[in-house]
A.B. asks: 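My structure is below; once you've seen it, I'll send some questions.
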There are 2 protein chains.
Amino acid sequence: MSKPHPLKRTELTEALNNVPVKPSIVATNGGGSAGITAQLRREILDGGYGYSERLPAERALALQFGASRGTVREALRRLEKMNLVSRRVGSGTFVRYRGHADDEDIAQLTSPLELIDVRLVVEPQMARLAVMNANAQDLQRMLEALTVVERAQDNVEDFSRGDETFHLALAESSRNPLLLWLYRHINEVRRHTQWNARKDKILTATRIAEYNQQHRELYTAIASRDIEHAVRAITGHLEKARDDLMGVEKE
Amino acid sequence: MSKPHPLKRTELTEALNNVPVKPSIVATNGGGSAGITAQLRREILDGGYGYSERLPAERALALQFGASRGTVREALRRLEKMNLVSRRVGSGTFVRYRGHADDEDIAQLTSPLELIDVRLVVEPQMARLAVMNANAQDLQRMLEALTVVERAQDNVEDFSRGDETFHLALAESSRNPLLLWLYRHINEVRRHTQWNARKDKILTATRIAEYNQQHRELYTAIASRDIEHAVRAITGHLEKARDDLMGVEKE
DNA sequence: ATTAGTTGAACCAATCTAGGACCATTAAGG
DNA sequence: CCTTAATGGTCCTAGATTGGTTCAACTAAT
C-alpha cells in the first residue's frame, strides 16, 4: 500500500524529537493555530515535504511549535480541509499535495504538439466568448495588434511577438477573467517551449502570410459577430499551425 | 537561561507583542485616533499585513502606540468602517484587504459561473485524452478516488475533497502535462472562489448522489475506452453542476 | 462654560489554548 | 498468533486572551 518508512518506528520518533523544527521558523508568525497552519502550509507548498511524505506526529509538532496538541490538531484540520494533507489513525499525517512544476519545468515537459492541443481547446472558446462579449475597445485593441502583425511579414521575431499580442487581445476580448488568466499562463509556456528553436524553420514568409490571412479572417468574424465563422477561423488557424509543426517534425 | 521547554501562552504572547512593532513608526505622528488610523491603514495597504492575518491585540496596540485602549479602538472602528479589517470577539482583529496576489486576485474576479464555463471547455478534452492515453495506473487512481468520493454521501467536506481528487485524477489520466498543469491552476481558483460559501446549499444529499452516479458513469466510459460516452458524461456532469449553481443563485 | 477627544479602569461574553485522559487503529517485533 | 509502542480521534476542564461595553475623570480647543 504505502511505502515503508525509512526508519523503524521508535527510531523515527526519537529522531523527530531530537532534530530541530524543519521549517526553521519558530516564532515568526502569530502563535495561534492560524499561525501554525500558515507555517506548515508554506512549508508544504514550498516543497519542504514531498508528496506522500509523513509529517511529524501531532505530539512532536506540539513540542516543536511550543503549542498544545489541540492547537496543532486544529492547524492540521485546516490543512486537511485544504486537501493538503491526509491523516490516518495509527499511521500519521501525510502530504497530499504534488508540488507542481513551475513555468520552466512545464515548458520542458510540454511538447509543441501538446501545447497546440491545449490551445485548440481553449482558443475556440475564447473566440466564441469574444464574439459575444467583445466591446469597442476590445475590437480596437485586436485591430491594432492585427495591423502590427501584418506589417511584420518578413521578420520572424516581429511576427512572433505580434502574433502573441494578437492572441492575447483575443483572450482579453473574451471578457472572462479566468480564461484570460489561463491564457496568460499558457503564453508563458509558449514563450519557453522548444517551439522557439524551430521557429525559424516553420515561419517561412509564405506561412506568415497565410497565418496573417487567418488572423484577419478571425478578426472580421468577431467584428461582425459571427460565432460559427470565428470558431472555424481560429480552429483552422491552429490546425494549420499543428500540421505545419508536424511537417517540420518529420524532417 | 534558555528554556528547554516551550513558552506558555502568556509568555509567548508577550514575546510576540514586545518584538517588533510592525510599523516601525511609534509615536511620531500626532497621537489621536486619526493618526493611529492613518498609520495602520498605510501598513495594511502596503502589504505589511497579509490577507486574513491577525493584528496585535488592542491592548498590545495601545502599548505600542503609546495610547489608551479606547483610542486604539476608535482607530480600529474606522478601519472596520473602511472594510479594511474585521473583528471577532475572543479571536482578534483580522485584515480583510486582499493584497494583489495573483491567485487571490483571480479568485476574487472569477464568479463560480465563469469557473464552470472554463471547466466545461477543459474537462471534456481531458476526458477525451484520458480515454486515449490513460494507463492501468491512471485507471487505478481514478477508481480509488471514485470509491472515496462515493463513500462520502452525507458529508459535504468529504465529498468536496473527494470530488477534487477525482477530477484531478482525470486530469492526470489525460497524460498531457500542460493540461494537468492548467487544471491544477484552475483548481487553485476553485479552492478560493466564492463557490465555497454556497457549498452547503448546493451539496444536498440528493445532488451528491447524482454527482456520484455521473462520476461512476464517466469512469466506466473511460475504462471501456468509449470517447463519445466519456465526453457526454463529463459534459452532462458539469452542465448539471452549472444548472444547480444557477438555481441556487436565484434564491 | 462648553464641547469633543482621550484616558484608565473595571467587567462581560465569546473564543481559544493548555493539558490531560482514554480509545481504536496501525505497525513492528516476538 | 500475541504483545507492545506509536499514532490520530475524541472528549473534557480550567484558565488565558480577546473584542465589546460602560463610566468617571482629565485635557484642550472653542
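For clarity, every value in this text was computed on a predicted model and none was experimentally measured. Every chain is numbered from 1, with letters handed out A, B, ... down the list of sequences.
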A.B. asks: Write down the distance between CZ (B:F94) and P (C:dT15), rounded to a whole number of angstrom.
C.D. replies: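 Taking CZ of B:F94 and P of C:dT15, I get 12 Å after rounding.
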
A.B. asks: Return the value, rounded to whole Å, for the distance between atom CZ of B:F65 and atom C1' of C:dG5.
C.D. replies: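 It works out to 18 Å between those atoms.
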
A.B. asks: Could you tell me whether the side chains of B:E123 and B:Y183 share a donor-acceptor contact shorter than 3.5 Å?
C.D. replies: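 The criterion, which ignores hydrogens and geometry beyond distance, is satisfied for B:Y183 and B:E123.
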
A.B. asks: Would you call B:E228 and B:R232 a salt bridge, using N to O less than 4.0 angstrom?
C.D. replies: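 Judged by the 4.0 Å cut-off on N to carboxylate O distance, B:E228 and B:R232 do not form a salt bridge.
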
A.B. asks: Round to the nearest Å and state the distance from A:L55 atom CG to D:dA6 atom C1'.
C.D. replies: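 Atom-to-atom, A:L55 to D:dA6, this comes out as 16 Å.
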
A.B. asks: Please report the interatomic distance CG(B:L143) to CG(B:L139), rounded to the nearest 0.5 Å.
C.D. replies: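 Taking CG in B:L143 and CG in B:L139, the distance rounds to 8.5 Å.
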
A.B. asks: For B:T93 and B:R54, which I'm curious about, is there any donor-acceptor pair between the side chains at under 3.5 Å?
C.D. replies: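 There is no such pair (donor and acceptor under 3.5 Å, judged by atom type) between the side chains of B:T93 and B:R54.
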
A.B. asks: How close or far is atom P of D:dG8 from atom CD of A:E74, stated in whole angstroms?
C.D. replies: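 So the CD-P distance, A:E74 to D:dG8, works out to 16 Å.
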
A.B. asks: Rounded to the nearest angstrom, tell me the gap between atom CG in A:L76 and atom P in D:dT7.
C.D. replies: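 Interatomic distance, CG of A:L76 to P of D:dT7: 13 Å.
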
A.B. asks: Could you check whether B:H229 and B:E217, counting side-chain N and O atoms only, form a donor-acceptor pair closer than 3.5 Å?
C.D. replies: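 There is such a pair (donor and acceptor under 3.5 Å, judged by atom type) between the side chains of B:E217 and B:H229.
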
A.B. asks: How many whole angstroms separate atom CD of A:E58 from atom C1' of C:dT25?
C.D. replies: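 Rounding to the nearest Å, CD of A:E58 and C1' of C:dT25 are 14 Å apart.
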
A.B. asks: Does either side chain, that of B:N187 or that of B:H167, offer a donor lying less than 3.5 Å from an acceptor on the other one?
C.D. replies: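 On atom types as modelled, these side chains do not qualify, holding no pair under 3.5 Å.
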
A.B. asks: Considering only nitrogen or oxygen atoms on both sides, find all protein atoms under 3.5 Å from nucleotides 28-30 of chain D and state each distance.
C.D. replies:
none

A.B. asks: B:A169 and B:M142: which non-hydrogen atoms are nearest, and at how many Å?
C.D. replies: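 Closest approach of B:A169 to B:M142: CB-CG, 3.8 Å.
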
A.B. asks: In this structure, how many angstroms lie between the C1' atom of D:dG8 and the CG atom of A:L61, rounded?
C.D. replies: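 Rounded to the whole Å, the gap is 12 Å.
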
A.B. asks: Atom CZ of B:R87 to atom C1' of D:dG19: distance rounded to whole Å?
C.D. replies: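 Going from CZ in B:R87 over to C1' in D:dG19 covers 7 Å.
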
A.B. asks: Side-chain N or O of A:R88 less than 4.0 angstrom from OP1 or OP2 on D:dG9?
C.D. replies: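 Indeed not, no polar side-chain atom of A:R88 lies that close.
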
A.B. asks: Less than 4.0 angstrom from a charged side-chain N to a carboxylate O is my criterion; do B:R96 and B:E80 meet it?
C.D. replies: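 No.
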
A.B. asks: Regarding A:Q39 and A:R42, do their side chains bring together a donor and an acceptor under 3.5 Å, going by distance alone?
C.D. replies: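 Their side chains do not contain a donor-acceptor pair, so the 3.5 Å distance test is not met.
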
A.B. asks: Spell out protein contact along nucleotides 7-14 of chain C as letters: B when the base is contacted, S when just the sugar-phosphate is, - when no protein heavy atom is under 4.0 Å; keep the 5' to 3' order.
C.D. replies: SS-BB-BB

